[in-house]
Amino acid sequence: MLSLQGYHPAWMGNTIETATPQHHHHLHILELSSSPMESESILALGMLVWNILPQIPPSSYNHTSPQDMWYVLTGIPGLEDSHTWISIPICSMYVLALKGNAFLIFVIVTERSPHEPMYIFLSMLALADVLVSTATAPKMWAIFWFQSMDKLFGCCVSQMFFVHFIFVAESAILLAMAFDRYVAICHPLRYSTILTSSVTGKIGITAVVRSFIICLPFIFLVHRLRYCGRNIIPHSYYEHMGITRLACDSIRVNIIYGLTVALLSTGLDIVFIIMSYTMILCTVFRIPSWAARFKALNTCASHICVILLFFAPAFFSFFAHRFGGKTIPHHVHILVANLYVVVPPMLNPIIYGVKTKQIQDRVILLFLLSDRFEKLYLLINNSSSPW
């Protein structure tokens, strides 16, 4: 094998195969003769080609149009044999999340009393949980059960946008709920004048619009890149950096924007949430009665649990991806990301159902009514029976 300037042409029959660090070029020439003169001429031609190729800029290579390719998700790398078993708890949690959040929304919409701002924000959180799990879990099933792993570029980008959009919106909703608790505990007499229906609606619209404006550039950032034919993504759903790493261009802008979004949107939300609860604790510990302190803190307990469920896995994935790449196996990252989109949506309705008296009362009432209707139905059927 002849090595020229770091490149390695391999003689294979009547073909010179040239391998650059990014591409493979095949130069078909005349059949090799046993004549030494002809062989030397062919070798000189090959050397000439190798001296010219390194001078060709990368921009002149033939790049693949992303719209013409199918992009393949591999699921959880290293656990392919366990995909079927992993899909069972994920499927069960997704179904529970759908039922629990749908029931929570139904209770808030139909019940007259829980139309306070806290319950409006809670219904928005439940809707966001339904959307984020529905945007990801069905694709996981398709991978785990039917090995349906590929999608066109437009579908990949659509899922990427909705996952990030809902995540940023949910972070803003949790901040709005923390502000609601701050006003309720620190300024209880002004609660109804500060958080009016108009203000509550504007906060919800702002959360959605902010998330849309922040996540819209992701679409243009992945479309501006050139792709070289790589289409394997070791994940169970499409996200920004997973698609970006397939490009052969520099992804520095994508990385900087992703970190900026994480710090200036979700990061600031966390800072303001911590500030809200710091002021809440200061107010609570100035209350002389222990019973009143416990009652005030009890109203915040469910919200704190939901915040931890939402942000703890996100921080784990963020720091493990950047600082624990060699110590934490890659399949652990993907497994946590999969659980992240089904576990919090499943637990949030349970947490609020256990800690919120209005929701508890509504659940009990519905069960009692269903039990009465069942008894009435059986009574009517028995009375109408000829036997």
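These numbers were taken from a predicted model, which means no experiment stands behind them.
What you find for W145 and C91 is that their closest heavy atoms are CH2-SG, 3.9 Å. Residues L297 and L281 approach most closely at CD2-CD2, 3.8 Å, considering heavy atoms. Among all heavy-atom pairs drawn from L225 and L221, the shortest one is CG-O, 3.5 Å. Among all heavy-atom pairs drawn from I280 and C300, the shortest one is CG2-SG, 4.3 Å. The two atoms that bring Y191 and P117 nearest to each other are OH-CD, 3.5 Å, heavy atoms only. The minimum heavy-atom distance linking V168 with S211 is given by the pair CB-OG, 3.5 Å.
Considering CG of L335 and CG of L339, their distance stands at 4.5 Å, rounded to 0.5 Å. Atom CD1 of I76 and atom CG of N338 lie 4.5 Å apart (nearest 0.5 Å). In this structure, CG on L195 lies 11.0 Å from NE2 on H187, to the nearest 0.5 angstrom. Distance check, rounded to the nearest 0.5 Å: OG1 of T84 to CZ of F144 gives 9.5 Å. Rounding to the nearest 0.5 Å gives a distance of 9.0 Å between CD1 of I90 and NE2 of H83. Here K139 contributes atom NZ and C155 contributes atom SG; the two are 9.0 Å apart, rounded to the nearest 0.5 Å.
Counted by atom type alone, D249 and Y227 present zero donor-acceptor pairs between their side chains at under 3.5 Å.
Residues satisfying the side chain to side chain contact (heavy atoms under 4.5 Å, CB included) criterion with C305, sequence neighbours excluded, are I351. Residues meeting the salt bridge (charged side-chain N to carboxylate O under 4.0 Å, His left out) test with R224, sequence neighbours left out: none. Considering only residues two or more places apart in sequence or on other chains, A97 meets the side chain to side chain contact (heavy atoms under 4.5 Å, CB included) condition with N101, P345, M346.
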Less than 3.5 Å apart, which donor and acceptor atoms pair up between the side chains of residues 120-136 and the rest of the protein, not counting sequence neighbours?
{"unit_1": "S123", "atom_1": "OG", "unit_2": "Y119", "atom_2": "O", "d": "3.4"}
{"unit_1": "S123", "atom_1": "OG", "unit_2": "I120", "atom_2": "O", "d": "2.6"}
{"unit_1": "D129", "atom_1": "OD2", "unit_2": "N348", "atom_2": "ND2", "d": "2.8"}
{"unit_1": "S133", "atom_1": "OG", "unit_2": "D129", "atom_2": "O", "d": "2.8"}
{"unit_1": "S133", "atom_1": "OG", "unit_2": "V130", "atom_2": "O", "d": "3.1"}
{"unit_1": "T134", "atom_1": "OG1", "unit_2": "Y94", "atom_2": "OH", "d": "3.1"}
{"unit_1": "T134", "atom_1": "OG1", "unit_2": "V130", "atom_2": "O", "d": "2.6"}
{"unit_1": "T136", "atom_1": "OG1", "unit_2": "V132", "atom_2": "O", "d": "2.9"}
{"unit_1": "T136", "atom_1": "OG1", "unit_2": "S133", "atom_2": "O", "d": "3.4"}

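Checked by atom type and distance alone, the side chain of R293 pairs as donor or acceptor with a backbone atom of I287 at under 3.5 Å. Judged by distance alone, with hydrogens and angles left aside, the side-chain atoms of E239 form no donor-acceptor pair with the main-chain N or O of M160 at under 3.5 Å.
The shortest distance between side-chain heavy atoms of V261 and H164 does not fall below 4.5 Å. L174 is not listed as a side-chain neighbour of D269, based on a closest heavy-atom distance of 4.5 Å or more. Counting only heavy atoms from C-beta outward, the side chains of F218 and N254 never approach each other to under 4.5 Å. When side chains are defined from C-beta on, I86 counts as touching L79, because their heavy atoms get closer than 4.5 Å. Using a 4.5 Å heavy-atom cutoff, the side chains of I143 and Y237 are not in contact. Within the 4.5 Å cutoff, the side chain of T196 has no heavy atoms near those of the T200 side chain. You'll find the side chain of P77 reaches within 4.5 Å of the side chain of I334, heavy atoms only. Side chains of I255 and M241 form a contact here, defined as non-hydrogen atoms less than 4.5 Å apart.
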| task | Would you sort out whether I233 and L246 count as a side-chain contact (heavy atoms from CB on, under 4.5 Å), showing the intermediate values? | result | CA-CA 8 Å; I233 302 176; L246 299 178; 3.7 Å; yes

| Taking it one step at a time, do H235 and H333 satisfy side-chain contact (heavy atoms from CB on, under 4.5 Å)? | CA-CA 9 Å; H235 211 301; H333 296 260; over 6 Å; no

| request: Begin with the C-alpha distance, continue with both residues' side-chain angles, and end with the deciding distance and a verdict on side-chain contact (heavy atoms from CB on, under 4.5 Å) for M177 and I307. | output: CA-CA 10 Å; M177 296 172 77; I307 288 173; over 6 Å; no

| From CA spacing to verdict: side-chain contact (heavy atoms from CB on, under 4.5 Å), V341, V163 | CA-CA 9 Å; V341 296; V163 168; 5.7 Å; no

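L259 and I256 sit in two unconnected hydrophobic clusters of ILVMFWY residues. Membership requires side-chain heavy atoms under 4.5 Å apart, directly or through other members. Under a hydrophobic clustering in which Ile, Leu, Val, Met, Phe, Trp and Tyr are joined whenever their side-chain heavy atoms come within less than 4.5 Å, directly or via other members, L175 and V271 fall into the same cluster. F167 and L268 fall within the same hydrophobic cluster, defined by Ile, Leu, Val, Met, Phe, Trp and Tyr side-chain heavy atoms under 4.5 Å apart, directly or through other members. Residues I88 and L96 fall into different hydrophobic clusters, defined by Ile, Leu, Val, Met, Phe, Trp and Tyr side chains chained together at heavy-atom separations under 4.5 Å. Both I350 and L308 are part of a single hydrophobic cluster, where members link through side-chain heavy atoms under 4.5 Å apart.
The aromatic rings of Y340 and F310 are tilted relative to each other, their planes meeting at an angle between 30° and 60°. The aromatic rings of F212 and F165 lie perpendicular to each other, with more than 60° between the two planes, well past the 30° mark. Ring orientation note: the planes of F106 and F103 are tilted relative to one another, at an angle of 30° to 60°.
For the side-chain contact (heavy atoms from CB on, under 4.5 Å) with Y352, the lone residue among I108, V107, L347, V306 that qualifies is V306.
With ring centers used as reference points, H240 lies 6.0 Å or more from Y257.
Cluster partners of V209, using a side-chain heavy-atom cutoff of under 4.5 Å among ILVMFWY residues and allowing indirect links, are I205, I213.
Sorted by first and then second residue, the pairs that involve residues 261-296 and meet ring-ring contact (aromatic ring centres under 6.0 Å, His included), not counting sequence neighbours, are Y277-H303.
Annotation for F162: atom CZ does not count as buried by contact number, only 12 or fewer foreign heavy atoms lying within 6.0 Å.
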